Amino acid sequence: MEQIRVRFAPSPTGPLHIGGVRTALYNYLFAKKNGGTFILRIEDTDQARFVEGAEEYIMESLEWCGIKVDEGIREGGNYGPYRQSDKKEIFRQYADMLINKGDAYYAFDTPEELEGMRKDLEKAGKTFIYNAELRDKLINSLSLKENEWKEKLEKGEPYVIRYKMPRNEDIHFDDIIRGHIVVNTGTLDDKVLFKSDRMPTYHLAHIVDDHLMKISHVIRGEEWLPSLPLHIMLYRSFGWDPPLFAHLPLLLKPDGKGKLSKRDGDKMGFPVFPLFWPYGETAKGYREDGYYPEAFINMLVLLGWNPGTEQEIFSMDELINAFSIDRVGKSGSRFDPEKAKWFNHQYLQNKTNTQIAIEFRDYLRSHGYQDDIIRLEALVGLVKERVSFVKDLWEQTDFFFRAPDSYDQEVVKKRWKEDSAKLLIELRSQLENMVDFSAASTEPVIKAWIEKNGYNTGAIMNAFRLVIVGTLRGPHIYDIISWIGKDETIKRIDKGVTLLSK
RNA sequence: GGUCCAUUCGUCUAGUGGCUAGGACGUCAGGUUUUCAUCCUGGUAACAGGGGUUCGAUUCCCCUAUGGACUACCA
């Protein structure tokens with residue numbers, strides 16, 4: 001059987017969008033599932049849009065996601081170079097092959113001339129297509145006499161190389177996800193294959209590279225579907241067997257219409273990129289927002305693919321095992337930031353308290369507190385179920401580290417009664433004598449004391465929580481006082497009684 | 001405008017020529033927690049519309065509508 005080789009081929013024009021990450025992920029899963037090779041190829045044939053740092057960003061993003069590249073710029077491989085600008089001479093040779101074969105030609109029209117004609121025709125209600133109908137009226141090696149266009153070449157006039165699309169021919173092809181598609185060449189134009197800056201366009205470069213790199217399956221975004229007929233024609237002209245194609249549906253914005261863009265993220269407060277983008281107009285990333293890469297990937301993989309079972313939580317290994325391109329859907333998926341949070345919650349709950357405590361320690365430092373890891377582990381155990389992110393732990397635990405310096409006025413109004421101070425002072429004396437301050441020890445004692453005196457449990461517990469926490473929230477009160485300790489508990493009771501009895 | 005693609009609960013989706021159309025997120029209601037959150041249980045909610053084909057269509061075909069992509073010397 002043929003060796004499976006797939007590639008992810010982004011262009012370094014900015015940060016990698018999560019739609020791009022998903023494409024990379026599906027390629028990776030497909031490769032690993034089938035014992036194949038995952039290749040990262042940088043398509044930097046557009047010199048004008050090149051962005052410094054984008055290439056590094058792409059590689060770092062894949063690494064963070066746990067998508068391992070088998071062949072690429074860093075990894076090497078036998079099918080390099082893996083950066084297209086490093087092999088532009090090679091592309092030129094292939095463009096010449098097409099010219100010699102008569103399937104491509106030189107065109108000398110300037111962009112301004114073409115734009116002018118396009119506008120004129122549009123005014124007349126017609127569509128301008130550089131194709132068999134019009135190419136004779138334009139300036140190229142088909143319309144000009146041989147000596148004329150050769151002279152232009154010799155004089156060094158700028159030119160492009162265009163593909164000579166047949167006038168009227170049905171092109172049949174298959175897409176793994178979408179099935180059989182037929183397009184007539186009459187609706188297609190003579191696409192530019194080689195630009196006047198002596199770089200190939202995407203169309204030429206990726207066909208040549210995919211062939212040279214022995215790519216077996218092209219898995220890419222749906223936006224390429226309309227140009228697939230051209231690509232099929234190119235394979236035919238070169239006399240090469242095309243790879244198999246799978247065009248992935250798009251990722252849509254959470255509300256409204258259209259595909260997901262950076263603006264949506266800014267507007268609705270969620271990241272559209274895996275990592276923070278530090279150049280120019282900066283953009284936030286999932287990593288910096290506190291997402292675990294496993295959760296991010298798990299969320300992303302289910303946008304457009306499902307295993308056909310009810311399993312929702314997948315490790316990368318499980319994904320590799322379960323993945324099948326047949327189960328990729330056809331329609332675009334709307335991205336849901338709420339579900340992304342839910343996934344992170346799931347992953348956070350599955351971490352050990354130790355792991356979380358180590359991460360939490362860094363956040364604590366930024367708030368000016370520290371504690372030893374054993375105590376932090378215990379603390380994490382009390383509150384982790386309440387949060388989806390480590391960074392949210394602080395707002396669940398701030399009162400463990402500092403006594404309240406003000407009290408929730410609504411609670412005071414409702415729960416602080418005439419006899420609250422007296423009851424808390426009694427409670428204080430109960431606690432004061434206890435040696436073992438664990439919840440298991442204090443809880444029954446306090447309960448018994450309340451019962452014996454026929455006190456109202458609610459009145460005491462709410463007042464107690466108020467002076468310890470400052471408001472009515474948090475874990476079991478006995479767990480809280482155990483963690484902060486007897487001295488601190490007594491102090492907080494005293495402080496509360498003093499301040500609230502005024 | 002032209003070409004191509006798509007359409008099941010609000011969202012991600014499962015599914016079949018005959019099912020009470022299933023799950024998850026969200027939401028709502030109860031329960032647990034004398035707090036809050038979590039958690040548990042339950043509820044709400046969908047086959048875009050119209051024609052066919054068929055004994056029977058959510059499922060197959062056509063049309064319409066809606067949405068999307070592409071339509072650069074960008075990828």
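Everything numeric here is computed off the predicted structure, so don't read it as measured data. Chain identifiers are assigned alphabetically (A, B, ...) following the order of the sequence lines, protein sequences preceding nucleic acid strands; residue numbering begins at 1 within each chain.
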Check the angle between the aromatic planes of Y455(A) and W449(A) and answer parallel, tilted or perpendicular using the 30° and 60° thresholds. perpendicular

Between rG22(B), rG15(B), rU38(B), which one does the side chain of E385(A) approach most closely? rU38(B)

In whole angstroms, how far is the P atom of rC4(B) from the CG atom of D170(A)? 10 Å

Tell me which of I177(A) and I477(A) sits closer to the 5' end of RNA chain B, going by the nucleotide each one is nearest to. I177(A)

Run the ring-centre check on Y363(A) versus W394(A) and record whether the distance is less than 6.0 Å. no

Can you tell which of rA6(B), rG15(B), rG26(B) lies closest to the side chain of W342(A)? rG26(B)

Taking the six-membered ring for Trp, are Y291(A) and F296(A) ring centroids under 6.0 Å apart? no

Between rC9(B) and rC4(B), how far apart are the P atoms? Round to whole Å, please. 27 Å

What interatomic distance, in whole Å, is found between C1' of rA14(B) and the corresponding atom of rU58(B)? 13 Å

Can you tell me how far C1' in rC39(B) sits from the matching atom in rU32(B), rounded to whole Å? 8 Å

Report yes if the distance between the aromatic ring centroids of F343(A) and Y292(A) is under 6.0 Å, otherwise no. no

Roughly how many Å is it from NZ in K339(A) to C1' in rU11(B), rounded to a whole number? 8 Å

Any salt bridge (charged side-chain N to carboxylate O under 4.0 Å, His left out) involving residues 176-193 of chain A? Give me the pairs, sequence neighbours left out, ordered by first then second residue. R135(A)-D190(A), R178(A)-E222(A), D189(A)-K191(A)

Assign H476(A) to base, sugar-phosphate, or nothing according to its heavy-atom contacts below 4.0 angstrom with the strands shown. base

For the side chain of R386(A) and the base of rC36(B), is some donor closer than 3.5 Å to an acceptor across the two? yes

Between rG49(B) and rC55(B), how many Å separate the two P atoms, rounded to a whole number? 24 Å

Counter-base of rG10(B), judged by Watson-Crick or G-U geometry with both distances under 3.5 Å: rC25(B)

Once you apply a heavy-atom cut-off of 4.0 Å, does G304(A) come out as touching a base, just sugar-phosphate, or nothing? sugar-phosphate

Watson-Crick or G-U wobble partner of rG17(B), both distances under 3.5 Å: none

Check every strand shown and say whether P475(A) touches a base, only sugar-phosphate, or nothing at a heavy-atom separation below 4.0 Å. base

Using Watson-Crick geometry (N1-N3 plus N6-O4 or O6-N4) or G-U wobble (N1-O2, O6-N3), each under 3.5 Å, rG67(B) is paired with rC5(B)

Does N462(A) make a side-chain N or O approach to OP1 or OP2 of rU35(B) shorter than 4.0 Å? no

Using whole Å, report how far CD1 of I176(A) lies from P of rC5(B). 17 Å

rU8(B) and rC60(B), which share atom name P, separated by this distance in whole Å: 13 Å

Rounding to a whole Å, what distance do you find between E133(A):CD and rG2(B):P? 17 Å

Closest approach to the side chain of R178(A), judged atom by atom: which nucleotide of rC5(B), rU8(B), rC25(B) is it? rC5(B)

Taking only the C1' atom of each, what is the distance from rU7(B) to rA46(B) in whole angstrom? 12 Å

Length of the line joining L300(A):CG and rA24(B):P, which is rounded to integer Å: 22 Å

I'd like to know if the side chain of R22(A) reaches the main chain of L303(A), judged simply by a donor and an acceptor atom lying under 3.5 Å from each other, with no hydrogens or angles considered. yes

Given atom CG of N131(A) and atom C1' of rU3(B), what is their separation to the nearest angstrom? 13 Å

If I take atom CZ in residue F173(A) and atom P in nucleotide rC4(B), what distance separates them, rounded to the nearest angstrom? 10 Å

Of R327(A) and T127(A), the one whose nearest nucleotide on RNA chain B sits closer to the 5' end is T127(A)

Evaluate F194(A) against R92(A) for side chain to side chain contact (heavy atoms under 4.5 Å, CB included), listing each step before the verdict. CA-CA 8 Å; F194(A) 203 82; R92(A) 176 58 206 244; 3.5 Å; yes

Taking the C1' atom in each of rA69(B) and rA57(B), what is the distance between them to the nearest angstrom? 31 Å

Aromatic contact between W305(A) and F323(A), with the criterion being ring centroids under 6.0 Å apart: yes or no? yes

With both distances under 3.5 Å as the test, what is the Watson-Crick or G-U wobble partner of rG56(B)? none

F245(A) six-ring centre to R220(A) NZ/CZ under 6.0 Å and within 45° of normal: no

C1'-based separation of rC40(B) from rA21(B) [nearest Å]: 26 Å

Touch check for S331(A), heavy atoms < 4.0 angstrom, all strands: base, sugar-phosphate only, or nothing? sugar-phosphate

Scan nucleotides 63-75 of chain B nucleotide by nucleotide, 5' to 3', and note B when protein non-hydrogen atoms come under 4.0 Å of the base, S if they reach only the sugar-phosphate, - if neither. ----SSSS-SBBB

Shortest side-chain distance from H345(A), nucleotide among rC39(B), rG22(B), rU8(B): rC39(B)

I want to verify a distance call: between rA24(B), rG15(B), rG22(B), whose nearest atom is closest to the E310(A) side chain? rG22(B)

What is the distance, to the nearest angstrom, from the CG atom on N168(A) to the P atom on rU3(B)? 14 Å

Aromatic contact between F270(A) and F335(A), with the criterion being ring centroids under 6.0 Å apart: yes or no? yes

